[in-house]
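Okay, structure first, notes after.
First listed ligand is number 1; within each ligand, the first listed atom is number 1.
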Amino acid sequence: MGGPRLLSPVAAAAVAAAAAIAAVAAEPGDALHCPITIVGGGMGGAYTAWRLAVDAKVVRPADICLFEANARLGGRIFSVGNVPGYEGFVTDMGAYRFHRTNHPLIRSLVEDRLKMETGCYTDATTTLPMDTPDCPSAKTLSATTRTRSYLGNLTTQTGYKLDEWTPDVPYFLTDEEKWGAGQARKTRRTVASVLFGNDSLIPEMASRWDALHDNRLTVEAAMALADETIAALRAGTYKGVPYAEVSGVQIARDAGISPEEMALDTALGYTSWFQGNVLGALIVAAREAATARLPLPPTGPAAAMVVPVTSNGAGRKRAGMVTIVDKMVGEARAAGVRVFMGHRAVGVRRVSACDASTYETGTAPLLVSFANGVGVATGRLFLNMDQPGLIALGAGSEPMASAGTDFKRRVDGAGVLGVSKTYCFWPRAWWLADLGLTRGSGRFETPAVANTRYHDGPVQCADPADLATCRGGLLVDYSGSDPTGAASGLYAASYADAPSSPRSDAEPYTLLLANSTVPRHRLALAAIVDGLRTSHTPVLDGLGLTPDVIPDPDVCLVASWYDIGVHMHRPVPRLSPAVVSEELFVKPVVDLPIHLVNEAWGGISGWSESSLLSAERALGVHLKVPAPAWLDRRVYDALITNFNKGA
Ligand SMILES: Cc1cc2nc3c(=O)[nH]c(=O)nc-3n(C[C@H](O)[C@H](O)[C@H](O)COP(=O)(O)OP(=O)(O)OC[C@H]3O[C@@H](n4cnc5c(N)ncnc54)[C@H](O)[C@@H]3O)c2cc1C
């Protein structure tokens, strides 16, 4: 890794404490016995340890060992607290917020059980909407296709879409494909428009859409309807092929949506997501329609995205998403769970008779070996690993060695979509002070700047009433889902210091300092500034400002989650179509106590909620751990007991 390692103060404290334990507990060559072993200290691994030892208290904490490969906890949650010159502005390079009604597990965990404070997902000053009782949704500021920007009205335009067709669209569209006044179509077609809504081409969804979204439904009725919809979707087929084996792109192409229309959607939205099987996307839509009705506390942010915050009296500040992981691991450690940092598991195998002389195996059926020579015999193993991590263990390692072909096929079908985030910091928050952009997204077609979020970045103002006194960071680019990198700001991530993968210890993170002498860093910085100035030309022109109102930043942070981003499950043919993937993932081998707990295996692509779902399924269904007292029972029954199958 090229740049200095930066850790949030909170994470650093947790790591230091954990390392102290690790130093006495496991030296290279040590043979340990852990009745329960958790490999990975991400959201899923941390939750598993905490639930067993602290929340449900069903396992003696000292019987649990948590091993993390890196020197920090959090995995794809990576909160940086000491950006040079901007210490104390916590910046999340990976996951950073959750949705209060779409993600009932994490909401209940954070707010009801851990009692952590959350605030609106927007800037952290008192004048910006951070501390309003309601979270205003982000509005699209402008959409750009190729070099043309289309400015929207911040108060009326929503979503990532071009509302009207214009001759500036860079793709050749037939009259049938155009939309807008006087044109052939009234609305633009996207893959999403084919799958969702009461015009969906999926009859099971179209016929229930309005009922699912009828605001008069009670929670019970909505959950029952979601269950019934999901059961119908599981049984449904597209031209005779189960929905799990068909992609959204396939259906959209059959419907006559041209590659050019989809290319436009790739530039503006998320076509790549629809390379995944449609069943997963449809189930999530049905379930979210129901969970949207769950009652929320009468005070606090509304049913929208929130971030963990700390209160300092004058104005709330982002606390960093890793504080959730830190809190759970901190409580688990305090209770006696053994935490080992810098331990990368490299193999899992069945215990043999010869192991008895080396390991205190007892009846432990599994042996986990680590890259530093440590080995652990264990009675139960939770692998908090994503798809590349699981595959890196190898075909000779459990669970792959003993798992059936159907499981392996579904693991292979778990594609990884690259994601990158770039935050830059300025002494003057020009987007607020000079351009008046407090929230909304800009979608651009400039090399390193494809998607700017004005409502996203740690900002502090000396005088909250005067935006000219604000300094801090802006999410200048948040890109993903485009495997080519051509239509997105993954370009900036191309300048990452090192690829991050299960084979390396490199962090997916590069620090670009204004005075850097590293040629790659200078190129990246230049591309970012050029991209910002070019993409804002229409805004600057409208205000009569020149490009230098956007100065060079002091520092930028680029996170390149290129090789381990988020997961998208492709439509691979299933050898046992009736078996739900999540059931296979949660216990891949019938006679081995191994459980996969990770976003990759929980059914909701790209959200921490998925990590918690997979972990809670392993705990509740396979270990018979009682349902969390803090979780709505209806949610538990549908998502955990019934594995989202439809009850
Ligand atoms: C850019 C980006 C933005 C995102 N934004 C959001 C968001 O706003 N909200 C949200 O909810 N989700 C978001 N997500 C998704 C979210 O980050 C993940 O769903 C979640 O963090 C995954 O947690 P996990 O525990 O399942 O896996 P991971 O975070 O992948 O944790 C796995 C852990 O296991 C460790 N590990 C792996 N292999 C080994 C080994 N062999 N030995 C020992 N340890 C090992 C890893 O180091 C890691 O710590 C985002 C993801 C990205 C990439």
Would [X] count as a contact residue for ligand 1, given that I'm defining contact as a non-hydrogen atom of the residue lying under 4.0 Å from a ligand atom?
{"X": "Gly94", "value": "yes"}
{"X": "Tyr478", "value": "yes"}
{"X": "Ser608", "value": "yes"}

For [X], take its heavy atoms, then give the atoms of ligand 1 lying under 4.0 Å from any of them.
{"X": "Ala69", "value": "42 (N), 43 (C), 44 (N), 45 (C)"}
{"X": "Ile77", "value": "21 (O)"}
{"X": "Glu599", "value": "19 (O), 22 (C), 26 (O)"}
{"X": "Gly74", "value": "29 (O)"}
{"X": "Asn70", "value": "47 (O)"}
{"X": "Gly40", "value": "33 (C), 34 (O), 35 (C), 44 (N)"}
{"X": "Gly42", "value": "25 (O), 31 (O), 33 (C), 49 (O)"}
{"X": "His343", "value": "42 (N), 43 (C)"}

Is there a polar contact, in the sense of an N or O pair closer than 3.5 Å, between [X] and ligand 1?
{"X": "Ala345", "result": "yes"}
{"X": "Gly44", "result": "yes"}
{"X": "Met43", "result": "yes"}
{"X": "Trp561", "result": "no"}
{"X": "Gly606", "result": "yes"}

Among [options], which one has a heavy atom closest to [atom]?
{"atom": "atom 33 (C) of ligand 1", "options": "Val39, Asn384, Leu73", "answer": "Asn384"}
{"atom": "atom 38 (N) of ligand 1", "options": "His103, Met385, Glu507, His99", "answer": "Met385"}
{"atom": "atom 17 (O) of ligand 1", "options": "Gly347, Gly342, Ala95, Pro388", "answer": "Ala95"}
{"atom": "atom 51 (C) of ligand 1", "options": "Leu613, Val566, Asp386, Ile106", "answer": "Val566"}

Run the salt-bridge test on [X] and [Y] with the 4.0 Å N-O cut-off and return the result as yes or no.
{"X": "Lys421", "Y": "Asp477", "result": "no"}
{"X": "Arg350", "Y": "Glu398", "result": "yes"}
{"X": "Asp505", "Y": "Arg344", "result": "yes"}
{"X": "Arg100", "Y": "Glu111", "result": "yes"}
{"X": "Arg76", "Y": "Glu599", "result": "yes"}
{"X": "Asp112", "Y": "Arg107", "result": "yes"}

TODO: Verify whether one side chain among Trp607 and Asn102 offers a donor that lies under 3.5 Å from an acceptor in the other.
DONE: no
Open item on the list: Under a 3.5 Å cutoff, is there a donor and acceptor pairing between the side chains of Asn277 and Arg570?
Closed with: no
Describe, in one word, how the ring planes of [X] and [Y] are oriented to each other, choosing from parallel (under 30°), tilted (30 to 60°) and perpendicular (over 60°).
{"X": "Phe382", "Y": "His595", "result": "tilted"}
{"X": "Phe370", "Y": "His343", "result": "perpendicular"}
{"X": "Tyr86", "Y": "Phe89", "result": "perpendicular"}
{"X": "Phe407", "Y": "Phe585", "result": "perpendicular"}

Open item on the list: For Met321, is there any backbone N or O sitting under 3.5 Å from a side-chain donor or acceptor partner on Asp92?
Closed with: yes
Just to confirm my output: which protein heavy-atom neighbour is closest to [atom], and how far is it?
{"atom": "atom 22 (C) of ligand 1", "result": "Ser611 OG, 3.4 Å"}
{"atom": "atom 35 (C) of ligand 1", "result": "Glu68 OE1, 3.3 Å"}
{"atom": "atom 29 (O) of ligand 1", "result": "Arg76 N, 2.8 Å"}
{"atom": "atom 9 (N) of ligand 1", "result": "Arg97 O, 2.6 Å"}
{"atom": "atom 10 (C) of ligand 1", "result": "Trp607 CE3, 3.3 Å"}

Report the part of [X] (side chain from C-beta onward, or backbone N, CA, C, O) that has a heavy atom under 4.0 Å from ligand 1; answer both or neither where that applies.
{"X": "Asn598", "answer": "both"}
{"X": "Tyr96", "answer": "both"}
{"X": "Phe370", "answer": "neither"}

TODO: Determine, using ring centers only, whether Phe98 and His103 are less than 6.0 Å apart.
DONE: no
Task: Criterion side-chain contact (heavy atoms from CB on, under 4.5 Å) against Pro399, the qualifying member of Val411, Leu383, Leu592 - done: Leu383
Task: Candidate pair Glu507 and Arg72, rule salt bridge (charged side-chain N to carboxylate O under 4.0 Å, His left out), full reasoning - done: CA-CA 10 Å; Glu507 289 286 14; Arg72 64 173 179 87; 2.6 Å; yes
